[in-house]
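Structure record follows, encoded as structure tokens.
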Amino acid sequence: MYLFNTLKRRKEEFVPIDENNVRMYVCGPTVYDRAHLGNAKTPVVFDVLFRVLCNKYGKDHVTYVSNITDVDDKILNKHKETGKSIREITEQTYQWYVDDMAKLNVLSPNYRPRATEYINEMIELVELLLKEGHAYEAQGHVLFDVDSMPNYGFLSGRSMKEMIAGARIEVADYKKNPADFVLWKPSDADQPGWNSPWGYGRPGWHLECSAMSSKLLGNSFDIHGGGSDLIFPHHENECAQSLCAHPGEKFANYWVHGGMLMVDGVKMSKSLGNFYTIDQVLEKAPAEALRLLFLTTHYHQPFNFTFEGLEAAKQTLDKFYNALLRVKDVACDSSVADERIVNALEDDINTPLALSYIHDLVNTLNKAESDADKAKAKTTLLKSAELLGILWQNPEEWFKGSVGDEAQEIEKLIAQRAEAKKNKDYALADKIRNDLKEQGIILEDSPQGTTWKKI
RNA sequence: GGCCGGUUGGCAGAGUGGCUCAUGCAGAGGACUGCAAAUCCUUGUACAUCGGUUCAAUUCCGGUACCGGCCUCCA
């Protein structure tokens, strides 16, 4: 198995520390508002990696942690804007997020820790950094001292000189070095906070991931993931904290970063009017189409979202489910996932290549004649698709799912049309078909009779 | 200004030092069908640009142009 490791800036063979417990940590969202498309892409990508790891090492030998940031100034701002309590905001947003993930068929990680439940661990980490001489107190803050870490910047490939040249860092006068970042900051009495050796306050953003990953995965683990925008400063600073607090440990061996999501070729942002939340998009297309769409581009590349692409993904799924619909009564056999697909996914999660083989498997299934061939092709397809987290739905529900009481009426019209066809009254038969088409119902004749689908 | 990444056929998007070939959509032709739909078969079109390395480069190296990301909160 191979992964592109940001640390080395190249693809390298993945060798876990312990094959019996492969450990992965992926940065999750800050829960202050509905999750947007970018918040959806990263978990889908790492969900595929999680599935591939489970397939290779065994489900019980993989531990996947993805956090929820529920203490952050953005949440505080939301509270000021809306007047809703912090708790109300984070609980509601958390629920939205979990629901969105479920719709996208993202498997639950083994742990979804919330930052506020690990405050003690964070305080301990800060104490450790102070003790080791990597942090200092200033005006109620505790700051990480980047000068105490000679190779600070090694993950993102930045030198201190460059970062100062950037000159966009807000320089508080209590900082020894402009690049020093906050580990702990004071809170006003009406702000969320916890008592600490440095007074009432709250953790800095980078601290939580270091604390939670150590607690749940140990001080050295295998994979740390996230969007590429997190490389600096978030992951750089996590590295700094964790490595300085735990000398001799490796923190994460493989850093895996997904490309940014764009909309119509440019970065998604509210000011450009091309900002979409997950639920907004799911009003226009099934969640599975969005999931498939994410997988059509290699995760490491920037991903360009368009509604045309979403529609195309939906049509691709129609094709796939069409093939499955024909064999809905064929039982699965003992076939396993296609080796080509396993290999493609184990080669740095090459989902576009894997999908090309899915097309090939669908083609094979469509051409299968004997029941044994059908069973084999169907099973191979489904097992392979499971690694990608697609094709989990019942094909009939895929095509008819959103149709409720009308089903009986449709069946009645189909019977009428069959009668008309029998009498060679094609004008009436075509009228029935066209009327249904206008309602979004497509009829398909086959030697076995007529079936219908909702577009 | 610094640091990354990209540029493949009408579109989306893999991959490779030489081979018949990604794949999908769209297009063209055909089979099937009362006509369709679905499905199957056949088919055209490509590797930004300029140099270098090489027997051979879309693929490796260097320059140029263009595009995008990060350097501030961000998945």
Side-chain angles (χ1 to χ4, degrees), chain A residues 4 6 9 26-30 32 35-46 66 69 72-74 77 97 153 156-159 161-170 179 205 225-236 257-262 265-270 292-293 295-304 306 308-309 311-313 315-316 318-323 325-326 344 347 350-360 362-363 365-367 399 420-422 424-427 429-430 433-434 437 441-447 450-453 455:
Chain A
F4 187 95
T6 304
R9 306 206 185 274
V26 176
C27 292
T30 301
Y32 69 102
H36 58 65
L37 284 178
N39 289 318
K41 190 212 165 206
T42 299
V44 167
V45 163
F46 285 98
S66 187
T69 299
D72 185 88
D73 286 359
K74 280 187 175 174
N77 292 339
Y97 180 72
S156 55
R158 287 155 208 269
S159 68
K161 218 173 158 184
E162 285 161 9
M163 276 181 282
I164 292 161
R168 287 171 70 183
I169 307 162
E170 187 194 343
W205 173 39
S228 62
D229 55 341
L230 295 183
I231 296 172
F232 188 89
H234 186 52
H235 289 164
E236 189 70 64
H257 291 102
M260 289 293 95
L261 179 132
M262 328 266 280
V266 290
K267 185 175 173 167
M268 181 171 79
S269 74
K270 284 177 180 166
L292 176 66
L293 181 59
L295 302 180
T296 57
T297 301
H298 186 90
Y299 80 93
H300 204 251
Q301 300 284 88
F303 171 82
N304 189 29
T306 62
E308 291 74 29
E311 181 54 31
Q315 280 176 20
T316 301
D318 283 343
K319 181 181 170 178
F320 292 170
Y321 276 116
N322 233 322
L325 188 61
R326 292 161 189 244
D347 185 11
N350 193 337
T351 53
L353 186 60
L355 284 170
S356 78
Y357 295 127
I358 292 281
H359 278 283
D360 186 55
V362 168
N363 185 258
L365 177 57
N366 280 327
K367 284 193 283 188
F399 289 114
K421 274 174 68 177
K422 210 168 149 189
K424 303 244 193 279
D425 184 356
Y426 293 121
D430 288 351
R433 186 168 66 194
N434 287 334
K437 193 176 177 184
I441 307 296
I442 299 281
L443 297 189
E444 291 178 0
D445 296 335
S446 79
T450 300
T451 56
W452 62 273
K453 294 170 182 167
I455 311 175

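Here is how names work: the chains are called A, B, and so on, in the same order as the sequence lines, proteins then strands, and each is numbered from 1.
B:A26 and B:A12 have their P atoms separated by 15 Å, with the value rounded to a whole Å. For B:C25 and B:C41, the P atoms lie 12 Å apart once the distance is rounded to whole Å. Taking atom C1' in both B:U64 and B:G6, one finds a spacing of 16 Å when rounded to whole Å. B:C47 and B:G17 have their C1' atoms separated by 14 Å, given to the nearest Å. Taking atom C1' on both B:G62 and B:G29, the two are 47 Å apart, rounded to the nearest angstrom. B:A37 sits 24 Å from B:G44 when the P atoms are compared, rounded to a whole Å.
With a 3.5 Å ceiling on both atom-pair distances, B:U33 lacks any Watson-Crick or G-U wobble partner. If you check B:G5 for Watson-Crick or wobble pairing at under 3.5 angstrom, you find it paired to B:C67. The partner of B:C19, taking Watson-Crick or G-U wobble pairs whose two distances both stay under 3.5 Å, does not exist in any strand shown. B:C60 is paired with B:G52 under the criterion used here, namely a Watson-Crick or G-U wobble arrangement in which both key atom distances are under 3.5 Å. Figure legend. B:C47 is base-paired to no nucleotide; pairs are counted as Watson-Crick or G-U wobble with both atom distances under 3.5 Å.
For A:Arg433 and B:A36, a side-chain-to-base donor-acceptor distance below 3.5 Å is present, hydrogens and geometry of angles not being considered. Side-chain atoms of A:Asp430 and base atoms of B:G34 include a donor and an acceptor less than 3.5 Å apart. Contact of A:Asp445 with B:C35 (side chain to base): a donor-acceptor pair of N or O atoms is detected under 3.5 Å.
If you take CZ of A:Phe4 and P of B:G6, they are 8 Å apart, rounded to a whole angstrom.
A:Asn363 has no side-chain polar atom (N or O) that falls below the 4.0 Å cut-off from OP1 or OP2 of B:G24.
A salt bridge is absent between A:Lys453 and A:Asp318; no separation between the charged side-chain nitrogens and carboxylate oxygens falls under 4.0 Å.
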